[in-house]
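By convention here, the first residue in the shown sequence is residue 1. Numbering of ligands and ligand atoms starts at 1, following listing order. Heavy atoms only: backbone and side chains are in, while hydrogens, waters and symmetry mates are out.
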Amino acid sequence: MSETESQAAPFPAPPVLKAGAELAGQLCSICQTTVIAGESVVACPCCALPFHSECWDENRGCSAYGCKAAPPTIKPKQDAQPLSNAWGDEKPCPKCNKKIKAQALKCRFCGAVFGSRDVISKEEYASREYEGNEYAAARNKVMLLFFLSVAGCIAPLGVILVGILISHKELMGIDYRRLSPTLKALLWCAFGVGLSLILMMILLAAFDS
Ligand SMILES: [Zn+2]
Ligand SMILES: [Zn+2]
Ligand SMILES: [Zn+2]
């Protein structure tokens, strides 16, 4: 399975609209806050539920269980159980710790995406694979490291950075443990290719002299 396949929403993105009077006041069921007139919104192509377009993108689809446009990570079982936790109808965001709606799939303060309505601990959140915008940001940094490592004369710099990230697990705001298997493989590939390049440059220099 390629990266683009695993990241693609099951449905093409619905057109982004500016919320008018008919949508204002309706609840976005991803972040559980009301839509304000003028905000960018989308309507689910299957069940017509309104969402902030940003929430739709981060959730990679509809948040209604069983909806054909919902991302595959949402399990119908969870919605059937009444949400009971010590926080009542609120829960702490595992990233910024601010109080958010218990049903929220995304924090409206820091933008953290959970992929499940359950309360998850900070540790659990920190150990989960990157998702949504965080995934995109981590992927871009991994790509940058990859290109640094295979880019001729600056390859040693890239290889050193990749080596630090793999051995120390954290660098440039990337947590190696949270990367998807594909991104981890890409880093190892960068490391291998970069090392071979450096070796070749050393050998070439040795032959020249
Ligand atoms: Zn929203
Ligand atoms: Zn839907
Ligand atoms: Zn948060």
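- For the pair SG of Cys55 and SG of Cys28, the angle whose vertex sits at the Zn ion (ligand 1) is 110° to 10 degrees.
- Hydrophobic clustering (side-chain heavy atoms under 4.5 Å, transitive across Ile, Leu, Val, Met, Phe, Trp, Tyr) keeps Ile36 apart from Val16.
- Leu27 and Leu23 fall into different hydrophobic clusters, where Ile, Leu, Val, Met, Phe, Trp and Tyr are joined by side-chain heavy atoms under 4.5 Å apart, directly or via other members.
- An angle of 100° is found at the Zn ion (ligand 1) between His52 atom ND1 and Cys31 atom SG, rounded to 10°.
- Panel note: side chain Asp118, backbone Ile120; no donor-acceptor pair is recorded below 3.5 Å.
- The angle that Cys47 SG and Cys44 SG make at the Zn ion (ligand 2), rounded to 10°, works out to 110°.
- Because the distance cut-off is set at 2.8 Å, Cys67 qualifies as a neighbour of the Zn ion (ligand 2) through one of its N, O or S atoms.
- With the Zn ion (ligand 3) at the apex, Cys96 SG and Cys110 SG define an angle of roughly 110° (rounded to 10 degrees).
- Checked for salt-bridge contact, Arg178 and Glu134 meet the test: a charged N lies under 4.0 Å from a carboxylate O.
- Lys91 places a side-chain N or O within 3.5 Å of a backbone atom of Ala104 that can act as its donor or acceptor partner.
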